[in-house]
2 protein chains.
Amino acid sequence: MVSIKQVAKQAGVSFKTVSRVVNNDPNVREETRARVQEAIAALNYRPNRAARMMRNQQSGVIGFISDEVVTQPYAGDLLIGAQEVASQHDKVLMVVNIENDRIGRQRAIDMLLERRVEALVYASYYHKEVQVPQEMLQVPSVLVNCYAENETLTTFIPDEVQAGYDATRLLLEQGHKRIGHITLNPDIVASVKRLEGYRKALAEAGISYDPQLIVQGESRFDEAGDSASVEKAVAELLKLTHQPTAFVCGKDEFAMQAYFEFSKRGLQVGRDIAVTSFDNQRMIAPGLSPGLTTMALPHFEMGQAAMNSIFNQGDDMVTRLIPFSVIERQSHLLKN
Amino acid sequence: MVSIKQVAKQAGVSFKTVSRVVNNDPNVREETRARVQEAIAALNYRPNRAARMMRNQQSGVIGFISDEVVTQPYAGDLLIGAQEVASQHDKVLMVVNIENDRIGRQRAIDMLLERRVEALVYASYYHKEVQVPQEMLQVPSVLVNCYAENETLTTFIPDEVQAGYDATRLLLEQGHKRIGHITLNPDIVASVKRLEGYRKALAEAGISYDPQLIVQGESRFDEAGDSASVEKAVAELLKLTHQPTAFVCGKDEFAMQAYFEFSKRGLQVGRDIAVTSFDNQRMIAPGLSPGLTTMALPHFEMGQAAMNSIFNQGDDMVTRLIPFSVIERQSHLLKN
DNA sequence: CTAGTATTTGACAACGTTGTCAATAGATGG
DNA sequence: CCATCTATTGACAACGTTGTCAAATACTAG
C-alpha cells in the first residue's frame, strides 16, 4: 500500500507537504499542490484511516449490534435508517450480528470497543426487553426496538399503544361496535400494548370492553405454520351470538389467514367484514384483495432517530416512542 | 482511553512486557503476568486495533457493499451468512448500503478502501447484472447475487435454472401434464432462467412446451399492489380449453393471490390444483393452507460461500451457482 | 563462588498520519 | 542592497502497538 512518504518522494517534496495537500491546507503554493496531486493520482494514493485515527483519536466508526435484526423482514430498514444518518456525518457502521449467541455478545462488544467505536447502537429484531451488557455503557449508546429495565440508555421503541389505538379507531370511525381482536402471543410486548390501545379506543368511543372478542392467534412464540390457531380464532369469534363486524389482526399473516377463513364462509372483506392489521408486510398487504389496511412499524425512522440522537449529544436519557405509519388501503372500509 | 503504557506504569513494568502479556507470549514470568493482568483489569484496558493494524498492516475488516440488500425480506440472510464466516476468521464486517445512490458508490468504496478493508463483498438484493466499480479490483472481491459481464470477479448467484426445474419436476412427478407458469417480469434474470428450467423439466418428461401456459404475473418491476395481473393470469390460464392442473408461481405473493383466485372459483389447492412457487417467504408460505411448497433462495448460503471464497484465496475466478432449497409442504400434492 | 547458560525484561524503531514549530525562500519597503 | 515580513516548506514528535535485539536477571554446573 502506498503511503504519504512515497507520494512525497515522487513529487519531490516533504511528506508533510503531501499531508497538507491531502487535507486541503491553503498554505501550499499552487504549483506545488498540482505536482503533489499528480503524484497522488499516479500512485493511486489513499490516506490510511487507521493512522489518521491514531493521531486524532477518532475512529469514525459506530457499532451496530443487532439481535438477528436482519432476518426479520424489513427490520433491516433499521440498519438502513441508521446507516443513512451515520453517513451524513461521515461515519461508517460496523455491524455485528449476535444470532443465537453463536458469536457471543461479549466477543462482539469486545471487537467493537477494541476498534474504538464512537458509539453503539443495540437493535433488536422485535420489540422486547433486553439485558444490556455493562460494557456498552463505556461508550455513548442507544437501544432501538428494545428496552432495558433499570438502565439509563436512551431508547427508541415503536409506539405500540398508539398503533393499537389507531388500528381500532379506523374501524370505530366506520361505525363498527363489535370489533374482534386476534392477538399475538401475550409474551410479546407488542401484544399487550396494542391491546391497551384497542381498549383505549373503545373506551373513548364509549363502547364497553368484551373479553370474548379477544382471541389469541398463536400459541407459542413465532411458531411458523401455526395457522390452525388463526383458523380457530376466527371460528370462535364468528360463533359468538353477537358477531363482530370488524377485526383487528395482530399481524398481516393473521389477516391473510383470516381472509381465507372468511372466504371459506362466504364472507368477503370489504363487503361483510372490515379488517385492520399490523406490519405492512410488503409481500402480503398490498397483494390481498381488498388491500390490507395496516400499521407499519417505523423501522427506518427508529434507525434514523437513534443515530440522530447519537450525534445530538447532551440529551438526557429518554425513551422515545416512534409512531407507526397508518397505511390505509381498503380493508377497513365497507362498501355496500 | 487507557493505553499499554498506562498499564505498564500501574504494573511497574515496561510497556513491552504488557504487550507480551496481552499477546499471550509464554516468555513472561508467572508472577509478572499476574501483576500485569491485574493492572489490565483494574484499568479496564483494551488493545487498540488501529495501532495494532499499523504495525501488522492488517485491518481485520471486510467491506460489505449492499445494494439495498437489507430491505428485501430475508435478503439480509446474505449479510448474516457472510458475517458468520467472517467472524469465524476473526474479521469484522463494515457495511455500507448504496441505496438510491444516496451515499454514492464512489464514496462508499473510498470509505472502505481508506479503512484498508482486506476484501470486498458486493451484494445485490435481487439477482441481476451490475457494473462493477474499477476500484473494487484493488482488493480481493466477490460478487453475490449479482454478476458482471466481462469482469473477472468470483461470483455467487442462485441457480435459477435448477430452481425452475425443481419447481416443475415436483409437479411432473405427481403426474401433471399441463402446468401453468405465472412468471415474474421478464426483465429479471430469475424470470428467464426459471422458465428455462421449466422447459428443461418438461422436455425431459417428454411433454411439449405450450406457450399458452406461460403468463406474466406483473407488468412493471416490483410494482407493489399489482395484483390485477395475477388475477388476470389465473383467469387466462383457467380459460384454456385444455386447462392446467398445476401452477408454478413466480413468487409466493403470486401463489397467495392465486390461492384466492382459485378459492373464488370453488377450486381448492391440494384437491383440485397443485402449486409450487419460489421464495419461501416465511410470512406467507407456511401460513397458506395447504402450506406452500416453494423454492427457497439460498441467501444465507451465498453469504457464507462468498465469505469462504475470500478466505480460500488462490482460487481462480469462478461463477458458482448456489442451489435453492426445495421446501416441500403440501401444495404440490393432490389428495383425493 | 564463578562461569556459563537460560530465562525474563526492556530500549528502540517502525507503521502512516497530523500538530508544532523552526527554517527557508520570496517579496516589500526604505 | 539590506532589513523585515510573509508565504511556503520541512524536521520532528507523537498517537498505541509489535518486532528486533540487547541487557539484566535467575539458574545450573563445576
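Quick caveat, the model's predicted, so the values are computed rather than measured.
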message: Ring-plane angle category for A:Tyr147 and A:His127, please: parallel below 30°, perpendicular beyond 60°, tilted otherwise.
response: perpendicular
query: Taking only residues at least two apart or on different chains, which pairs with a member in residues 112-122 of chain A satisfy salt bridge (Lys or Arg N to Asp or Glu O under 4.0 Å)?
result: A:Lys91-A:Glu118, A:Glu114-B:Arg49
statement: Taken to the nearest whole Å, OH/A:Tyr45 to C1'/C:dT17 is 7 Å
- request: Establish, with yes or no, whether the OP1 or OP2 oxygen of D:dT18 is under 4.0 angstrom from a side-chain nitrogen or oxygen of B:Ser19.
  value: yes
message: Could you tell me how far apart A:Asn56 (CG) and D:dC15 (C1') are, to the nearest whole angstrom?
response: 9 Å
- request: Without swapping roles, check the side chain of B:Asn145 against the backbone of B:Ala123 for a donor-acceptor pair under 3.5 Å.
  value: no
- prompt: Does the salt bridge (charged side-chain N to carboxylate O under 4.0 Å, His left out) test come out yes or no for B:Arg105 and B:Asp67, once each step is laid out?
  reply: CA-CA 10 Å; B:Arg105 266 216 306 208; B:Asp67 192 345; over 6 Å; no
Whole-Å distance separating the CD1 atom of B:Ile40 from the P atom of D:dT17: 10 Å
- line: Winner on side-chain proximity to B:Gln57, out of D:dT17, D:dT18, C:dG16, is C:dG16
A:Val13: which of A:Val28, A:Val36, A:Val21, A:Val7 passes side-chain contact (heavy atoms from CB on, under 4.5 Å): A:Val36
query: Side chains of A:Gln10 and A:Glu38: donor-acceptor distance under 3.5 Å anywhere?
result: no
message: Keeping B:Ser124 on the side-chain end and B:Cys146 on the backbone end, is there a donor-acceptor pair under 3.5 Å?
response: no
query: Between A:Gln58 (CD) and C:dT18 (P), how many Å, whole number?
result: 13 Å
N/O donor-acceptor pair under 3.5 Å between B:Asn48 side chain and B:Ala50 backbone: yes
query: Run the salt bridge (charged side-chain N to carboxylate O under 4.0 Å, His left out) check on A:Glu30 and A:Arg33 step by step: do they pass?
result: CA-CA 5 Å; A:Glu30 270 322 308; A:Arg33 181 187 305 280; 3.4 Å; yes
message: Could you tell me how far apart B:Met54 (CE) and D:dG16 (C1') are, to the nearest whole angstrom?
response: 8 Å
message: For the helix from C:dC1-D:dG30 to C:dG30-D:dC1, what angle separates the axis at the start from the axis at the finish, each from five pairs, in steps of 10°?
response: 50°
query: What is the per-nucleotide protein-contact pattern of nucleotides 7-13 of chain D, from the 5' end, where B denotes a base atom under 4.0 Å from a protein heavy atom, S denotes such proximity for sugar-phosphate atoms only, and - denotes neither?
result: -SBBBBB
message: What is the separation between atom CZ on A:Arg49 and atom C1' on C:dG16, rounded to the nearest whole Å?
response: 14 Å
- prompt: A:Asp25 has an atom CG; how far is it from atom P of C:dG19, in whole Å?
  reply: 9 Å
- prompt: To the nearest angstrom, how far is A:Asn48 atom CG from D:dG16 atom P?
  reply: 16 Å
